[in-house]
Amino acid sequence: MRETPLSNCERTFLLQAITDRKRIDGRQTYDYRNIKITFGTEYGCCIVELGKTRVLGQVSCELVAPKMNRPTEGILFFNLELSPMASPAFEPGRPSELLVKLNRLLERCLRNSKCIDTESLCVQAGEKVWQIRVDLHLLNHEGNIIDAASIAAVAALCHFKRPDVSVQGEEVTVYSPEERDPVPLSMHHMPICVSFAFFQQGTFLLVDPSEREERVMDGLLVIAMNKHREICTIQSSGGIMLLKDQVLRCSKVAGVKVAEITELIQKAIENDKKARKEGGKFGFAESLPEQKITSLKIDKSSVDTSDFKGEAKKIISKSEPPSDAVSKPVVWAPGTAQIGEGIGNAWGELEESEDEDDDADIASVSPESHKVIKKPAKHTSKVLDSATCFIWILTKGRVCTLLGPPSFTTMGNP
């Protein structure tokens, strides 16, 4: 994991704001950012937004063989992924130290606290049990990953429903949701992580630190607790020494925050259940705010046309005059025969002589005078200068000579 270090000015500004008890996002010391929980169309899929930190949770299950030492208990597996999509500081490939620490903390918070009745996941003792897998993907990183991940994991587990099964002898039948209603997981309690950031060797503390506040903090205390104020796990990092009173104060604050978050999760599940039962709209797409710009929804407004002539004159007076236009875009060039309205066009005069005898006149265009000069045809041979270019066109027995560059010379009769 590679982070862009903060400058001394930014670090000083953040620490000064924390010392003055004025956080840069306007929150108070014990305030959480806004929490939003959205469930997908499938059971066990949710997105949790903690401010701008977003985590996607997905629960899946499959029938596997149980562990040898626990033949009547199901298996729980948790996996958190930090991808470069969430932050450029995260690198793909080998797991970072932060990722390993977060995964271990989630396992202690959820699996070791026995929040799920694993014995209810047994189908055949020693043969088949359910393995519940919880995958968490960090979509955007703006601080306090562990709190958002724990909320997403608990919400997804509470929302998930496994397929119903029946056992006849040694045959296990798994029913689809159309055949039998899915069965929800048996949850004993809902452990939630609450993070406290300490500054200046424990003198100041904040709840729910943002990404920039995490960069300047001296230590972090994470308390996992349920709404019954039972501590599931506690972890301190950063190497700072905390007093007993500080830990007790943090545990009291965590109890209040966990009760609020638990109520929020239960309310979100009830709303989703109600929408599914009534046939309403649900899922990620329905939770997105509608911000459409269409011409059909523009409010009608009256247009004043009483003084349109005066307005038109004002617009014309402010506009720039038009550029000079060329009436005849075809310009004569020396030594060329042009078709169009260019200067020195000899094709019109040549068309008038189509009905004359076979002894047609030779029409020559003089570039110096830009006039058409007709001379009687002579049967004497002409010797042309090597620098002169002639184009001979033979049509209906008529011979037209178009002279080349202005420096041509004709040998023969003058």
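These figures come from a predicted structure and were not determined experimentally.
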- Query: Does atom CZ of Phe13 have more than 12 heavy-atom neighbours, drawn from other residues, nucleotides or ligands, at distances under 6.0 Å?
  - Reply: no

- Taking every non-hydrogen atom, the tightest pair across Met217 and Ala197: SD-CB, 3.7 Å

- Task: Please confirm whether the backbone N or O of Asp208 pairs with a side-chain atom of Arg27, one donor and one acceptor, at under 3.5 Å?
- Result: yes

- Going from CD on Glu73 to OG on Ser120, what distance comes out if it is rounded to the nearest 0.5 angstrom? 10.0 Å

- Identify whether the distance between the nearest side-chain nitrogen and carboxylate oxygen of Lys274 and Glu270 falls below 4.0 Å. no

- Item | Check: Gly143 main-chain N/O paired with Thr53 side-chain donor or acceptor under 3.5 Å | yes

- Checking side-chain contact (heavy atoms from CB on, under 4.5 Å) for the pair Val129/Val64: CA distance, chi angles, key distance, verdict? CA-CA 6 Å; Val129 296; Val64 297; 4.2 Å; yes

- Note on the structure: Between Val258 and Ile192 the two heavy atoms that sit nearest each other are CG2-O, 3.8 Å

- Item | All ring pair (Phe, Tyr, Trp, His ring centres under 6.0 Å) counterparts of Phe196, not counting sequence neighbours | none

- Message: Go through it in stages, so that I can follow the logic: the residues are Glu107 and Asn103, the test is side-chain hydrogen bond (donor to acceptor under 3.5 Å, both in side chains), and I'd like the CA-CA distance, side-chain angles, deciding distance and then a yes or no.
- Response: CA-CA 6 Å; Glu107 288 183 357; Asn103 276 309; over 6 Å; no

- Message: Would you say that Val134 contacts Phe160 through its side chain, given a criterion of any heavy-atom pair below 4.5 Å between the two side chains?
- Response: no

- Query: Within a strict 4.5 Å, meaning less than it, do heavy atoms of the Leu76 and Leu110 side chains meet?
  - Reply: no

- Message: Donor-acceptor pair, distance only, cut-off 3.5 Å: does the side chain of Gln124 make one with the backbone of Gly169?
- Response: yes

- Is any side-chain heavy atom of Phe39 closer than 4.5 Å to a side-chain heavy atom of Cys46? yes

- Atom CG of Asn34: over 12 foreign heavy atoms under 6.0 Å: no

- Message: Check whether Thr12 reaches the backbone of Cys9 with its side chain - one donor and one acceptor, N or O, closer than 3.5 Å.
- Response: no

- Query: What heavy-atom pair brings Leu15 and Phe199 nearest, and what distance separates the two atoms?
  - Reply: CD2-CD2, 4.2 Å

- Message: Which label fits Phe90 and His141: parallel for a plane angle under 30°, tilted from 30 to 60°, or perpendicular past 60°?
- Response: tilted

- Query: Heavy-atom distance under 4.5 Å between the side chains of Thr118 and Arg70, does that happen here?
  - Reply: no

- Hey, could you give me the OG/CG distance between Ser237 and Leu221, rounded to the nearest 0.5 Å? 8.5 Å

- Task: Please check if the side chain of Asp164 supplies one atom and the backbone of Tyr175 the other of a donor-acceptor pair under 3.5 Å.
- Result: no

- Task: Measure the spacing between OH of Tyr43 and SG of Cys61 and express it to the nearest 0.5 Å.
- Result: 14.0 Å

- Message: For Glu142, is there an ion pair with Arg33 - N to carboxylate O distance below 4.0 angstrom?
- Response: no

- Query: Does His188 reach the main-chain N or O of Ile116 with its side chain, forming a donor-acceptor pair under 3.5 Å?
  - Reply: no

- Task: Answer yes or no: does atom CZ of Arg276 have more than 12 heavy-atom neighbours from other residues, nucleotides or ligands under 6.0 Å?
- Result: yes

- Verify side-chain hydrogen bond (donor to acceptor under 3.5 Å, both in side chains) between Gln235 and Arg108, making sure each step is shown before the conclusion. CA-CA 10 Å; Gln235 175 175 300; Arg108 291 203 309 269; 2.5 Å; yes

- Task: Report the C-alpha separation of Leu102 and Leu106 in whole Å, then their side-chain angles, then the decisive distance to 0.1 Å, and conclude whether the side-chain contact (heavy atoms from CB on, under 4.5 Å) test is met.
- Result: CA-CA 6 Å; Leu102 293 175; Leu106 281 174; 5.6 Å; no

- Side chain of Gln201, backbone of Asp218: donor and acceptor closer than 3.5 Å? no

- How about Glu230 and Ser113: do any of their side-chain heavy atoms sit closer than 4.5 Å? no

- Note on the structure: Pro191 and Val154 have their tightest heavy-atom pair at O-CG2, 3.3 Å

- Sub-3.5 Å donor-acceptor pair from the side chain of Lys161 to the main-chain atoms of Asp181, do we have one? no

- Under a 4.5 Å cut-off applied to non-hydrogen side-chain atoms, are Asn79 and Arg133 in contact? yes

- ring pair (Phe, Tyr, Trp, His ring centres under 6.0 Å) partners of Phe78, counting only residues at least two apart: none

- Answer whether the closest heavy-atom distance between the side chains of Cys122 and Pro66 falls below 4.5 Å. no

- In terms of heavy-atom contacts, does CD of Glu260 have more than 12 from other residues, nucleotides or ligands at under 6.0 Å? yes

- Query: Shortest non-hydrogen contact from Met85 to Leu138?
  - Reply: CE-O, 4.4 Å

- Query: What is the minimum heavy-atom distance between Leu56 and Cys45, and which atoms define it?
  - Reply: CD1-SG, 4.0 Å

- Query: Is Asn226 close to Thr262 at the side-chain level, that is, under 4.5 Å between some pair of heavy atoms?
  - Reply: no

- Message: For Gln28, is the CD atom crowded, meaning more than 12 foreign heavy atoms sit under 6.0 Å from it?
- Response: no

- Item | Glu42 atom CD: more than 12 heavy-atom contacts under 6.0 Å | no

- Stepwise, does the side-chain contact (heavy atoms from CB on, under 4.5 Å) test hold for Cys232 with His189? CA-CA 10 Å; Cys232 301; His189 59 93; 3.8 Å; yes

- Residue among Leu206, Ile223, Ile146 satisfying side chain to side chain contact (heavy atoms under 4.5 Å, CB included) with Ser195: Ile146

- Task: Starting at CZ of Arg212, measure out to CG of Asp25 and round the result to the nearest 0.5 Å.
- Result: 12.0 Å

- Measure from the side-chain N and O atoms of Asn271 to the backbone N and O of Lys267, and report whether any donor-acceptor pair falls under 3.5 Å. yes

- Query: From Thr41 OG1 over to Asp272 CG, what is the distance, rounded to the nearest 0.5 angstrom?
  - Reply: 10.0 Å

- Message: Under 4.0 Å between a side-chain nitrogen and a carboxylate oxygen: does that hold for Arg23 and Glu213?
- Response: yes

- Message: Walk me through whether Ile269 and Ile37 qualify under side-chain contact (heavy atoms from CB on, under 4.5 Å).
- Response: CA-CA 9 Å; Ile269 294 176; Ile37 303 175; over 6 Å; no

- Message: Quick check for you: to the nearest 0.5 Å, what is the distance between Leu185 atom CG and Leu157 atom CG?
- Response: 6.5 Å

